[in-house]
Amino acid sequence: MSLQLSEQEIVRREALDKMRALGINPYPAEKFDVNATTKEVLANFDKDKLNFQEVSIAGRMMSKRIMGKASFAEIQDSTGRMQVYIARDEICDGEDKMMYNDVFKKLVDIGDFVGLKGYVFVTQVGETSLYVNDFKVLSKSLRPLPIVKTDADGNVHDAFTDPELRYRQRYVDLIVNDGVKETFIKRNRIMNAMRKFFNDKGYLEVETPILQPIPGGAAARPFMTHHNALDIPLYLRVANELYLKRLIVGGFDGVYEFAKDFRNEGMDRTHNPEFTVMEIYVAYKDYHWMMDFTEKMLETASMAANGSTKATIGENEVEFKAPYARIPMLTAIKDHTGYDLNGKSEAEVREAALALGLEVDESMGKGKLIDEIFGEKCEHNYIQPTFITDYPVEMSPLCKKHRDDDSLTERFELFVNGKELANAYTELNDPIDQRERFEEQMKLSEKGDDEAMFIDQDFLRALEYGMPPTSGMGIGIDRLCMFLTNSPSIQDVLFFPQMRPEKFDAPIQKTLELNDNEKAIFDILKVRERIEISELKELAGLSGKGWDKGIKGLSKHGVAKVEKTEAGVFVGVIG
RNA sequence: GACCUGGUAGCUCAGCUGGUAGAGCAUCUCCCUUUUAAGGAGAGGGUCCAGGGUUCGAACCCCUGCCAGGUCACCA
């Protein structure tokens, strides 16, 4: 081990050894009984009632202010931080002042876990604090934490802000940055509220396969993997739609799943290769019903997150209170471009797209063109939650045709803050129509569309047994959390966003400037690691002088070592 | 994938037209029983992302690469 340790890391390792030398276990096994959190104490302490007189708290030491025989420190637990007062003669019995002078003052560092017992009081300056009379080391921290401070005016000093460090070392981000935990707690509250909303209606939470032989249910590029025992390719799911509908065929009235989906596509502020989607399917409903349902669900989620149906998203104030505007797609296009595409031919739609300055190509059919116009000219305008309804049939191969117009489908997407949040259908349950739609997807695939859907024969078989009229909806949980926590990047609502793997330094051959002789010898040693000296000399093929200089140089650099043993003289690499 | 910006001490950042590295906090030493981002005084700490090039001399200029962030494209 030739780890490059910083001065501060060395100091902490030395402190660890000194603790052990003093008979203090820096990593004790036994439990430490906690009977209060800092949050409870700060919220409920009343100096007239004299409550919290036998308090036991535990957490990380986050600051230390030593003033001779007494000190102030801050302890951070899962709920927050509070100040503690530690006086030498309180934590040390009799003459032995080791616990204060050595352990607390010198060997305990910022970031160490400690357990503290004592009573709560208010200092002269008016801060509720713990008067410590017992002090125990619970776990030593070997790396220095960034020290983030907030002054009386709320200004943050030395904030830990580098996004790369924050995402790669989320644990540090969570320790030192206020508000990070809150985002993830809200995420949990949002999902719990949705779950309760569904369960209260009697819908069943289910789990369906992530490893799928056919990645169906969405137009997206899948991740591929391989199962050894079956010797078949498997895909990570891009959606769970087709499996959930099979369950509706099977007789459930409502099923839902919070699912991780995987798409092998680009990454940016709103896309992570793995992401969470909630999909729900309810029998005997249509997309109008689903709009009512979605509104109420979001109202509930917003209340759970923020205690309000209003949410601030960047510059915008968004109102999640139902009902939301419902605008057919062609109306939206007419509103924002002036073109009425109702009943127009593909050629006419293409003309309109060109006139609007869009890039179009021959492979784009009418549906794709309409979608393109909407995406470019309309989408970003919908800041307040808005249902855009009735999409062209070509764009929606799993959606039932519109009851009044068979060039359209009974589909809606919900837009919030100019971005798509949810997608829903009156589900296609006509197995013959479904087979034709899949076949159209095949044609697209043959034309070169690499995300056209595969034909899922088993799914078609299931539909042939009969699926009740059903409405289904999918919502991006990460995006919803971004909105409800006002996070500008998906990375802020994922604990561990995908990053290029970090390279950890290989300790060997760093900072070393080897000359040619040294290099010739070292190249052999890298492979052999330990080798008899005369064999090494022969393999290196150097002149007598070159050999001599090379091997001495390597020893001096500390990368190789010559050892004389009973069995002969050996050269080994020093890791 | 294209373009823009950045990578300097544990953290946040300075570093001018190139002259061989600086601050605050953290760390270490000493002094001090109630201090509020910070008690006082002093000290140590750096492969300036990596590799090449230009130059008497490079953290700085040029080239290549790595990593990250942003914008766009692709994509729900």
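We name chains A, B, ... by the order of the sequence lines, and we start the count at 1 in each one.
Checked against B:G10, B:G44, B:U35, the side chain of A:Q83 finds its nearest nucleotide in B:U35. Closest to the side chain of A:T123, out of B:G69, B:C28, B:U35, is B:U35. In this structure, of B:C30, B:C11, B:A26, it is B:A26 that holds the atom nearest to the side chain of A:I147. With B:C67, B:C32, B:C11 as the choices, the nucleotide that has an atom nearest any side-chain atom of A:F160 turns out to be B:C11. Nearest nucleotide to the side chain of A:I110, out of B:U27, B:G10, B:U34: B:U27. If you check B:G69, B:G10, B:U12 against the side chain of A:M499, the one that comes closest is B:G69. Minimum atom distance to the side chain of A:I66 is reached by B:C32, of the listed B:C32, B:U27, B:U34. Listed nucleotides B:C75, B:U34, B:G70 differ in distance to A:E265; the shortest reach to its side chain belongs to B:C75. Taking every side-chain heavy atom of A:D268 into account, B:A73 is the closest of B:A26, B:C67, B:A73.
A:V125 comes within contact range of at least one nucleobase, with a heavy-atom separation under 4.0 Å. At the heavy-atom level, A:R81 lies nowhere under 4.0 Å from the strands shown. At the heavy-atom level, A:R479 lies nowhere under 4.0 Å from the strands shown. Note on A:R88: nothing from the nucleic acid sits closer than 4.0 angstrom, heavy atoms only. Among the atoms of the strands shown, none is found under 4.0 Å from any heavy atom of A:A87.
An OP1 or OP2 oxygen of B:G44 is reached within less than 4.0 angstrom by no side-chain nitrogen or oxygen of A:Q8. OP1 or OP2 of B:C67 sits under 4.0 Å from a side-chain N or O of A:R500. Between A:R221 and B:C75, a side-chain N or O to OP1/OP2 separation shorter than 4.0 Å is absent. A:R12 has no side-chain polar atom (N or O) that falls below the 4.0 Å cut-off from OP1 or OP2 of B:U27. Between B:U33 and A:K69, a contact under 4.0 Å exists linking OP1 or OP2 to a side-chain N or O.
Of all non-hydrogen atoms in A:Q212 and A:A239, the two that sit nearest each other are NE2-O, 3.7 Å. The shortest heavy-atom contact between A:D268 and A:I490 is O-CG2, 4.0 Å.
Without hydrogens or angle criteria, A:K105 side chain to A:S71 main chain gives no donor-acceptor distance under 3.5 Å. Between the side chain of A:R166 and the backbone N or O of A:N177 there is no donor-acceptor pair closer than 3.5 Å.
Judged by closest nucleotide on RNA chain B, A:R65 is the one of A:R65 and A:G266 placed further toward the 5' end.
A straight line from CG of A:L5 to P of B:U27 spans 18 Å, rounded to a whole angstrom. Between the CG atom of A:D371 and the P atom of B:C74 there is a distance of 12 Å, rounded to whole Å. Counting to the nearest Å, the C1' atom of B:A26 and the CD atom of A:E7 are 10 Å from each other. Taking atom NZ on A:K105 and atom P on B:G39, their separation rounds to 15 Å, with Å as the unit. Note: OH (A:Y171) to P (B:C11) measures 12 Å, nearest angstrom. Between A:F223 atom CZ and B:C75 atom P the separation is 17 Å, expressed in whole Å.
Pairing for B:C72 goes to B:G1, judged as Watson-Crick or G-U wobble with the two contacts each under 3.5 Å.
Between the side chain of A:Y85 and the base of B:U33, a donor-acceptor pair under 3.5 Å is found. Between the side chain of A:E127 and the base of B:U34 there is no donor-acceptor pair of N/O atoms closer than 3.5 Å.
B:C62 and B:A68 have their P atoms separated by 24 Å, with the value rounded to a whole Å. Here, B:G69 and B:C28 have their C1' atoms 36 Å apart, quoted to the whole Å. Distance check on atom C1': B:U20 versus B:U47 gives 15 Å, rounded to whole Å.
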Show your working on salt bridge (Lys or Arg N to Asp or Glu O under 4.0 Å) between A:D173 and A:R170 and close with a plain yes or no.
CA-CA 5 Å; A:D173 191 32; A:R170 181 68 86 183; 2.8 Å; yes
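A:F495 pairs in a ring pair (Phe, Tyr, Trp, His ring centres under 6.0 Å) with only one of the listed residues (A:Y167, A:Y171, A:F184), which is A:F184.
Taking the six-membered ring where tryptophan is involved, the planes of A:Y287 and A:F412 are essentially parallel, since the angle between them stays under 30° and well short of 60°.
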